[in-house]
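One structure below.
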Number of protein chains: 2
Amino acid sequence: MEQILPHLDSVFSIDCVLFGFDGKELKILLIERNEEPFKDWWALPGNIVGADESLDQSASRILYELTGLRGIYMEQYYAFGDPNRHPQGRVITLAYYALIRLGGDKELRPISNYAKRANWLPITDLPKLAFDHQKIYDKGLEKIKRRIKHQPIAFELLPEKFTLTQLQHVYELVLGKKLDKRNFRKKIVSFGVLKELDEKQKGVSYRAATLYRFDKRKYAKLFGKEISF
Amino acid sequence: MEQILPHLDSVFSIDCVLFGFDGKELKILLIERNEEPFKDWWALPGNIVGADESLDQSASRILYELTGLRGIYMEQYYAFGDPNRHPQGRVITLAYYALIRLGGDKELRPISNYAKRANWLPITDLPKLAFDHQKIYDKGLEKIKRRIKHQPIAFELLPEKFTLTQLQHVYELVLGKKLDKRNFRKKIVSFGVLKELDEKQKGVSYRAATLYRFDKRKYAKLFGKEISF
DNA sequence: TTACTTAGTGTAAAAATTACACACTATATT
DNA sequence: AATATAGTGTGTAATTTTTACACTAAGTAA
C-alpha cells in the first residue's frame, strides 16, 4: 500500500447479476442501453461506487435503485479489471449476484435513468451482452451453482412458503440437471432447516402439496457445519 | 455502467496474502512499514494496480517485485472497500492469495522499497497488522481452507517431489486438524493425480519414504469432477 | 364415477467413510 | 554385531451415505 496516494484516472463500479425465479424459469435482469458505447445492446445493471459507501452498501443501493428491492441476499464474487474492458477508460468492476423471487406480490419499480428499458430475460435465451458482461454473467452462474450446493440460497428465489417440488425445481434449474424426488426430499429434510407448515398449497387443480418455510433459526445453529448436495 | 466516466479520487490496490511452507510451519509474508500511517507496523505486501495492467497481471507483478517469484498459483478472493479502511483516502483493495514453498532451492529476492524489512512469520503467532489487514488475512485463510478441500493447491506449498507424509502435514496445517494416515493415503491416491516415483527421500536417519509428484496431466483430465476432502 | 395430475413414501444394493495397530526398514549408537 | 530409534507403509470390518427405483394417495375437473 502506498503512502502517497496518486491521483488516478480510474473508475470503480459494481455490476449486478440479478437472478430471478418466477416459478418456471430462471431469469436475469438486463437493461437495454440508450447511449454509446453499446447503444441498443443489453447489459447488466451496474453503477459507480460512491465515495462514502462501503462496497456492500453500494451494491444494496444499486439494487434498490434498479429494482426497488431491499433486504436481498447479495454477495460479491469477482472483480473484472481488464484494461480494455471499457472502451472509454479504465473501469474496474466488482460483480455481485442477488437472488430474487419474481412476480406475485411486489412488482419491481422501474429502472432509473440508465436505459431505454429493463427486462427479466430467461437465461436459456440471452441476447449478446455489452462490454464483458457475458463473462461476468457466466462466472456468476458458475458461482451460484457451486454456492447452492453448500448454502441455503435457493430459498431466496422462492416465496416464503413453498412446496418441496418447487424447491427441487429451483435446484434442478440452477444445477442444470434432474434430481431424484425421493432422494432430494430425504436429503433436504435431513438438514433440518425446513419447517413443515400446517398449510397446503392453494389454487391448483390437483392434490395440494404441503407448504414449508426455511427456518433461519435452525440454520443459524448449524453454522459451521457444511450442507452439501 | 456510466457513459461519462467521472474523475474520482479513488485508488485501487492489490494486497497479497502469501502463504509459505518450509516443511514445518505455515507462514505468511509480512513487511514492516517504514512510513506513516502505521509506521513500524507489520502489513501485508501490496501495491497499486497499474493503468495498463489486468488485475491478474498486476498481482503477478506485485508478487514478483516482492519475492522474485514467477509462475505461482494466485487467485483473487475478495475486495475490501470500507470507505475508512485507509486513513489517507479511499482505497479499494483486491486481495489475492498465493501458495509458495519456502527454503531449499531459491531464496526470495529482497523487497523493493516498501518497507524496513520483510519476513516470513508463522501464522500461529502473528503481530498486530496495519489497516484492515488482519481481516484480509483471516478471509484468505478461510478461503484456502475451503479451497484445499476441492482443488489441488496443496502441491504448490511443497517441492516438486514430496512424500505422502509431507502432503498430509500440509493438509493438517491448513485444515487445522489431524488426519488419519491410512485414510488420507487411501483417499489422496484414489484421486489418481499423484505419480509415484522410483525415488526415495534422502538425508533422513530412518527409513526413507517414497517420493511422489503431482501429475498435472491426469488432473486436467479430471477437470469438472470435484475432488473432496 | 372416472380420468387426470401431482404428492408423498421405503427399501435394498453399492459406495464411501471411519476407526483402528503392527510389522518393516533404514540409520545411528554402542 | 547387536540394539535402539523413528518414521514408513499397509488391511479390514463396521458404519454411514448415496443411489436407483415404482406405486398408492389425494385432490380436481369433467
Side-chain angles (χ1 to χ4, degrees), chain A residues 21-25 148-150 154 158-159 161-173 175-213 222 224-229, chain B residues 21-25 148-150 154 158-159 161-173 175-213 222 224-229:
Chain A
F21 180 63
D22 60 3
K24 300 245 163 179
E25 287 179 301
I148 205 174
K149 292 183 186 175
H150 303 292
L158 290 169
K161 300 170 183 180
F162 51 84
T163 70
L164 294 183
T165 301
Q166 288 167 342
L167 183 59
Q168 181 176 347
H169 193 184
V170 167
Y171 272 85
E172 288 179 339
L173 279 174
L175 297 177
K177 65 178 178 191
K178 287 272 172 213
L179 301 173
D180 178 84
K181 182 161 69 162
R182 277 175 292 189
N183 293 339
F184 177 82
R185 285 165 180 239
K186 215 185 307 176
K187 191 156 198 181
I188 205 92
V189 167
S190 79
F191 293 148
V193 298
L194 292 185
K195 182 167 177 53
E196 184 175 348
L197 303 177
D198 284 334
E199 249 171 297
K200 300 273 169 184
Q201 201 178 18
K202 277 181 186 158
V204 289
S205 70
Y206 45 82
R207 177 179 179 182
T210 302
L211 291 171
Y212 288 77
R213 163 182 293 158
L222 283 185
K225 291 183 193 174
E226 289 231 329
I227 277 176
S228 187
F229 244 85
Chain B
F21 180 63
D22 60 5
K24 300 245 163 182
E25 287 179 303
I148 204 175
K149 292 185 186 174
H150 303 293
L158 290 169
K161 300 170 182 180
F162 52 85
T163 70
L164 294 184
T165 300
Q166 289 167 342
L167 184 58
Q168 182 177 346
H169 192 183
V170 167
Y171 271 87
E172 289 179 339
L173 279 175
L175 297 178
K177 64 178 182 194
K178 287 271 172 214
L179 301 172
D180 178 85
K181 182 160 68 160
R182 277 176 290 190
N183 293 338
F184 177 82
R185 285 165 180 240
K186 213 185 308 176
K187 190 155 196 179
I188 206 90
V189 166
S190 78
F191 292 147
V193 298
L194 293 186
K195 181 165 176 56
E196 184 175 350
L197 303 178
D198 284 335
E199 248 170 297
K200 300 273 171 186
Q201 201 177 18
K202 275 180 187 156
V204 290
S205 70
Y206 44 81
R207 174 179 181 182
T210 303
L211 291 171
Y212 288 77
R213 164 182 292 158
L222 282 184
K225 290 182 193 174
E226 289 231 331
I227 276 176
S228 188
F229 243 83

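In what follows, every chain begins at residue 1, and chains take the letters A, B, ... in the order their sequences are listed. Predicted model, so just to flag it, every value in this text is computed and none were measured.
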Side chains of S228(A) and K149(A) in contact at under 4.5 Å (non-hydrogen atoms): no
R185(B), nearest nucleotide to its side chain (from dT8(D), dG11(D), dG8(C)): dT8(D)
task: Classify the ring geometry between F229(A) and F184(A) as parallel (under 30°), tilted (30 to 60°) or perpendicular (over 60°).
output: tilted
field: Side-chain N or O of T165(A) closer than 4.0 Å to phosphate OP1/OP2 of dA7(C)
entry: yes
message: If I take atom OH in residue Y206(B) and atom P in nucleotide dA23(C), what distance separates them, rounded to the nearest angstrom?
response: 22 Å
message: Between K187(B) and dT17(C), is there a contact of a side-chain N or O with OP1 or OP2 at under 4.0 Å?
response: yes
Length of the CD-C1' vector between Q201(B) and dT8(D), whole Å: 9 Å
Residue pair L194(B) / R213(B), side-chain heavy-atom distance below 4.5 Å: no
query: Which whole-number value in Å describes the distance from H169(A) NE2 to dT6(C) C1'?
result: 14 Å
message: Can you identify which nucleotide, out of dA26(D), dT18(D), dC21(D), has its nearest atom closest to the R207(A) side chain?
response: dA26(D)
- request: Just call it for K186(A): base, sugar-phosphate, or nothing, with non-hydrogen atoms closer than 4.0 Å on any strand.
  value: base
query: What is the distance, rounded to the nearest whole Å, between atom CZ of F184(A) and atom C1' of dG10(C)?
result: 19 Å
query: Whole-Å distance between dT6(C) C1' and Q168(A) CD?
result: 12 Å
- line: Among dA6(D), dT19(D), dG8(C), the one nearest any side-chain atom of A209(A) is dG8(C)
Residue N183(B), side-chain atoms from C-beta onward, closest of dT18(D), dG9(D), dA19(C): dA19(C)
task: Report yes or no: is there a donor-acceptor pair, N or O only, under 3.5 Å between the side chain of K200(B) and the base of dT27(C)?
output: no
- prompt: Can you find a pair of side-chain heavy atoms, one from L211(A) and one from K195(A), that are under 4.5 Å apart?
  reply: no
message: Between P on dT8(D) and CZ on F162(B), what's the gap in Å once rounded to a whole number?
response: 14 Å
- line: When rounded to whole Å, the NZ to P distance for the pair K178(A) and dT19(D) reads 18 Å
- line: Heavy-atom nearest nucleotide on DNA chain D taken for A208(A) and for R182(A); more 5' hit belongs to R182(A)
message: Regarding T210(A), tell me which of base, sugar-phosphate or nothing describes its non-hydrogen contacts under 4.0 Å with the strands shown.
response: sugar-phosphate
- prompt: Is E172(A) reaching over with its side chain to a backbone N or O of L179(A), donor-acceptor style, under 3.5 angstrom?
  reply: yes
- prompt: Please give, in whole Å, the distance from dT8(D) C1' to K202(B) NZ?
  reply: 18 Å
task: Give one of base, sugar-phosphate or nothing for K181(A), where a contact means two heavy atoms less than 4.0 Å apart.
output: base
